[in-house]
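FYI, side chains are in, hydrogens and waters are out, and symmetry mates aren't considered; it's all heavy atoms of this structure.
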Amino acid sequence: MGHYIPDHVLSNADLEKMVDTNDEWIRTRTGIRERRILKDPDKATAFMAVEAAREALQSANIEAADVDAIIVATVTPDYLFPATAALVQKRLGAENAFGFDLSAACSGFLYALSTGTMMVESGRYEKVLVIGADTMSSITDYTDRATCILFGDAAGAVLLEPTGDETGIIDFVNHTDGDLDCHLYQRAGGSLHPASEETVKNRDHCVYQDGRVVFKKATEGMADVSLEIMNKHNLNGDDVAWLVPHQANKRIIDATARRMGLSDEKVMINIDKYGNTTAATIPLCLYDWKDQLQYGDKLVLSAFGGGYTWGAVYMTWSLNR
């Protein structure tokens, strides 16, 4: 595993000076105290993804040239094309790998993880880098107090390999339900509304969210899919060592844990430090808890994102044997 967190901290106190909000309001409704922002104008998502990938390869004692494929989950690519994965491949020196980007918003890492898992299970690939990376500050409107409090920048990476035993990724469930009313999206920048003077003036290239609708959908979706994969494998709260949830809102995480029958001690939460880093949240949690994870621990990874997309992964920890 590997990660990258920018140095610059944007605290709730900083946001109080920018928009009509306050620390208590943010903490009680989201659980966020601060978030990290990539300030260097010459660096973006690919830079963070490369740093996280390098650490993952170093920890696995693997050379970049040995990597077979690279999947980057992101909604903030450096460019619409070439793919961010192509930039990562070149900068890493992964000369034998092919790569592509995957867009599924906050569920992106789980979608990429399940895709990479199938690639390894097929027997055609042995080493697949799965990276979740987003520079959300690049599409955040810092005059919109409803959204600017939520997002941060970061990257997390994992290297997938065959395990040789019964541990690892056991199963996954993914869902999509097209949000035609667009309660969570970026209004402009695609082929429907290309960039123009008007779209820039209206801040249409920033993330838009109808918070009430998305909160309800996310609370239901994350809890439902977590229970779905538990029931599929006859698991109860005692069986699960850790819930690894997408870090969008602590209230959503708490509701999911209650539905699963888990105590607070079994839930990974770092939203207070990083905010919502979109595709990076789940690998960041795995990285932050790496020293507490034990071989054979049963984990449920769960996320909900714009699209709408949601999913869960059931795995048993194969490191730290």
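In this structure a side-chain-to-backbone donor-acceptor pair under 3.5 Å is missing from K250 to I269. Formation of a donor-acceptor pair under 3.5 Å by the N22 side chain with backbone atoms of W25 is found in this model. No donor-acceptor distance shorter than 3.5 angstrom exists from the side chain of Q209 to the backbone of L184, with no hydrogens or angles considered. Judged by distance alone, with hydrogens and angles left aside, the side-chain atoms of D141 form no donor-acceptor pair with the main-chain N or O of C206 at under 3.5 Å. With D14 contributing its side chain and S11 its backbone, the two residues share a donor-acceptor pair below 3.5 Å. For the pair R36 (side chain) and G152 (backbone), a donor-acceptor distance under 3.5 Å is absent. The main-chain N or O of A279 is found under 3.5 Å from a side-chain atom of D134 such that the two form a donor-acceptor pair. Judged by distance alone, with hydrogens and angles left aside, the side-chain atoms of T28 form a donor-acceptor pair with the main-chain N or O of E24 at under 3.5 Å. A donor-acceptor distance shorter than 3.5 angstrom exists from the side chain of T45 to the backbone of T76, with no hydrogens or angles considered. For E95 (side chain) and A65 (main-chain N/O), no donor-acceptor pair under 3.5 Å exists by modelled atom type.
When only modelled atom types and interatomic distance are considered, T167 and T316 share no side-chain donor-acceptor pair under 3.5 Å. For the residue pair S196 and E198, no side-chain donor N or O sits within less than 3.5 Å of a side-chain acceptor on the partner. In the model, H233 has a side-chain atom that pairs as donor or acceptor with a side-chain atom of D171 under 3.5 Å. There is no side-chain donor-acceptor pair under 3.5 Å between H246 and S107. Counted by atom type alone, T74 and T84 present zero donor-acceptor pairs between their side chains at under 3.5 Å.
If you take CH2 on W242 and CG on L301, they are separated by 13.0 Å, rounding to the nearest 0.5 Å. I139 contributes atom CD1, which lies 5.0 Å from atom CD of Q186 (distance to the nearest 0.5 angstrom). We find the OG-CG distance between S226 and L243 to be 6.0 Å, quoted to the nearest 0.5 Å. With rounding to the nearest 0.5 Å, the separation of CG in N249 from CG in N276 is 9.5 Å. For the atom pair CD1 of I169 and CG of L113, the computed distance is 4.5 Å after rounding to the nearest 0.5 Å. Taking CD of E161 as the reference point, atom OG of S318 lies at 9.5 Å (rounded to 0.5 Å).
Residues A46 and D78 share a closest heavy-atom pair of N-OD1, 2.8 Å. Between A280 and G156, the shortest heavy-atom distance links the atoms CB-N, 4.1 Å.
Residue pairs that meet the ring-ring contact (aromatic ring centres under 6.0 Å, His included) test with at least one member in residues 141-183, sequence neighbours left out, are H175-W310.
Atom NZ of K216 sits in a sparse spot, with 12 or fewer heavy atoms from other residues, nucleotides or ligands closer than 6.0 Å. The neighbour count for E228 CD, taken as heavy atoms of other residues, nucleotides or ligands under 6.0 Å away, is above 12. The 12-atom threshold is not exceeded at CZ of R145, counting heavy atoms of other residues, nucleotides or ligands nearer than 6.0 Å.
Using a cut-off of 4.0 Å between Lys/Arg side-chain N and Asp/Glu carboxylate O, D239 and K298 are scored as not salt-bridged. Taking a cutoff of 4.0 Å between a charged side-chain nitrogen and a carboxylate oxygen, R54 and E51 qualify as a salt bridge. Note on R203 versus D144: no salt bridge recorded, every NZ/NE/NH1/NH2 to OD/OE distance being 4.0 Å or above. Ionic pairing of K127 and D66 is not present here: no N-O contact between side-chain nitrogen and carboxylate oxygen is shorter than 4.0 angstrom. Under the 4.0 Å criterion applied to side-chain N and carboxylate O atoms, R27 and D272 are not assigned as salt-bridge partners.
Looking only at side-chain heavy atoms (C-beta outward), N12 and E34 stay at 4.5 Å or farther from each other. Residues M119 and T115 are in side-chain contact: their nearest non-hydrogen atoms beyond the backbone lie under 4.5 Å apart. Within the 4.5 Å cutoff, no side-chain heavy atoms of I71 are placed close to those of Y111. Side-chain contact between T277 and R35 is absent, with no heavy atoms from C-beta onward closer than 4.5 Å. With a 4.5 Å cut-off on side-chain heavy atoms, T256 and P245 do not count as touching. Contact check for Q247 versus I253: side-chain heavy atoms found under the 4.5 Å cut-off. No side-chain heavy atom of R187 sits less than 4.5 Å from a side-chain heavy atom of N202. The closest side-chain heavy-atom distance from T117 to L160 is below 4.5 Å.
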Q.
Using side chain to side chain contact (heavy atoms under 4.5 Å, CB included), reason through L286 and L299 one step at a time and then give a plain yes or no.
A. CA-CA 10 Å; L286 292 174; L299 277 61; 3.8 Å; yes
Q. Do D7 and K39 pass the salt bridge (Lys or Arg N to Asp or Glu O under 4.0 Å) test, and can you show the C-alpha distance, the side-chain angles, and the key distance before you say yes or no?
A. CA-CA 9 Å; D7 292 332; K39 296 288 285 186; over 6 Å; no
**Q.** From CA spacing to verdict: side chain to side chain contact (heavy atoms under 4.5 Å, CB included), C106, T281
**A.** CA-CA 8 Å; C106 296; T281 65; over 6 Å; no
Q: Begin with the C-alpha distance, continue with both residues' side-chain angles, and end with the deciding distance and a verdict on salt bridge (Lys or Arg N to Asp or Glu O under 4.0 Å) for D179 and K217.
A: CA-CA 11 Å; D179 178 21; K217 288 276 189 180; over 6 Å; no
Q: Go through L227 and V225 one step at a time and tell me if the side chain to side chain contact (heavy atoms under 4.5 Å, CB included) criterion holds.
A: CA-CA 5 Å; L227 283 178; V225 77; over 6 Å; no
Q) Which is it for D68 and E126 under the side chain to side chain contact (heavy atoms under 4.5 Å, CB included) test, yes or no, and what are the steps along the way? A) CA-CA 7 Å; D68 298 312; E126 289 193 353; 3.8 Å; yes
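Under the 4.5 Å side-chain contact rule for hydrophobic residues, I282 and M1 share a cluster. Two different hydrophobic clusters hold Y314 and L319 under the rule that ILVMFWY side chains link at heavy-atom gaps under 4.5 Å. By the rule that hydrophobic residues join a cluster once side-chain heavy atoms approach within less than 4.5 Å of another member, I271 and M260 end up as members of one cluster. L284 and V244 fall into different hydrophobic clusters, where Ile, Leu, Val, Met, Phe, Trp and Tyr side chains are chained together by heavy-atom contacts under 4.5 Å. Cluster annotation: V207 and I32 are assigned to the same hydrophobic cluster (Ile/Leu/Val/Met/Phe/Trp/Tyr, side-chain heavy-atom contacts under 4.5 Å, transitive).
Taking the ring pair (Phe, Tyr, Trp, His ring centres under 6.0 Å) definition, one finds that F98 meets it with Y125, sequence neighbours left out.
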